[in-house]
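Notes to accompany the following structure.
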Amino acid sequence: MTAPLILVTGPARSGKSDWAEQLAEQSGRSVVYVATSRVNTADAEWQHRLEQHRSRRPSHWQLKEVPLTLTETIQQAQPDQCWLIDSLGTWLANWIEADNETWQRQHDGLLTALQGAPCPIILVAEETGWGVVPAYPVGRCFRDRLGNLTRAVGAITTSTYLVTCGYALDLNKSAALVTGLHKQSSNRPL
């Protein structure tokens, strides 16, 4: 039997990380929190955000800070654990300057690692495509890559939640999977 794979997505400040943390705590397993952000001591506001996340997590949770090597890190998961990865958008941002071929390898490698994981994994992802089309190529690249990544991850999850306004909606119970007429490509030119 495949271990549960849960995607928690939503807009900024919606409560998606809080919901993912609740799910991890309810798992009854040893929790490994995987932070994908880079530490930037020159950015006080970013450091404050990271500290807010740190301060609300239980002290007994294990922390792995993994800005780039997420796929390789997932391969270290143990069956008695529950992994919470926060967030896919931040991980993607760390790879945003990668060419399409390199990004495609990261994208595909992550999907393979997730499907082979021996323990439940909860992933947090941002929704970025609900606003205007970004005016700059790198913004459009980020939005397209993240949309394609979350769609691909969503297609292999056992549960997918949309969190907005502090409410979590179980999409598997109230929505239909859109398969599309053509394959989505994560290879978008800048």
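No hydrogens, no waters, no symmetry mates; every other heavy atom, side chains included, goes into these values.
- Taking CH2 from Trp103 and CG from Leu92, the interatomic distance works out to 4.0 Å, rounded to the nearest 0.5 Å.
- Checked by atom type and distance alone, the side chain of Asn94 never pairs as donor or acceptor with a backbone atom of Arg38 at under 3.5 Å.
- Side-chain N or O atoms of Trp95 include one that pairs as donor or acceptor with a backbone N or O of Leu68 at under 3.5 Å.
- Between the side chain of Trp61 and the backbone N or O of Glu25, no donor-acceptor pair lies under 3.5 Å.
- Ion pair Arg56/Asp18 flagged as a salt bridge, since at least one NZ, NE, NH1 or NH2 atom sits closer than 4.0 Å to an Asp/Glu carboxylate oxygen.
- Under the 3.5 Å distance criterion, the side-chain polar atoms of Lys16 are matched with a main-chain donor or acceptor of Pro11.
- At least one donor-acceptor pair under 3.5 Å links the side chain of Thr73 to the backbone N or O of Thr69.
- Judged purely by distance below 3.5 Å, without hydrogens or angles, the side chains of Trp19 and Glu21 never pair a donor atom with an acceptor atom.
- For the pair Glu51 and Arg57, the salt-bridge criterion is not met [side-chain N within less than 4.0 Å of a carboxylate O].
- Judged purely by distance below 3.5 Å, without hydrogens or angles, the side chains of Ser87 and Glu126 pair a donor atom with an acceptor atom.
- If you check the side chains of Arg145 and Asn100, you find a donor sitting under 3.5 Å from an acceptor.
- Residue pairs meeting the side chain to side chain donor-acceptor pair (under 3.5 Å) criterion with at least one member in residues 168-178, sequence neighbours excluded, do not occur.
- Listed for the Glu45 side chain is no donor-acceptor partner under 3.5 Å among the backbone atoms of Asp43.
- Panel note: side chain Thr158, backbone Leu5; a donor-acceptor pair is recorded below 3.5 Å.
- Taking every heavy atom of both residues into account, Gly109 and Thr71 meet most closely at O-CG2, 3.4 Å.
- One finds the CG atom of Leu88 at 8.0 Å from the OG1 atom of Thr150 (value rounded to the nearest 0.5 Å).
- Here the straight-line distance linking atom CD1 of Ile122 with atom CG of Leu7 works out to 11.0 Å at 0.5 Å rounding.
- One distance of note links CG of Leu110 with CD of Glu72; it measures 10.0 Å at 0.5 Å rounding.
- Remark: the Thr9 side chain and the Glu127 side chain contain an N/O donor-acceptor pair separated by less than 3.5 Å.
- Although no hydrogens or angles enter the test, the distance criterion places a donor-acceptor pair under 3.5 Å between the side chain of Arg140 and the main chain of Pro134.
- A donor atom on one side chain and an acceptor atom on the other are found under 3.5 Å apart for Gln104 and Asp108.
- Although no hydrogens or angles enter the test, the distance criterion places no donor-acceptor pair under 3.5 Å between the side chain of Thr160 and the main chain of Leu171.
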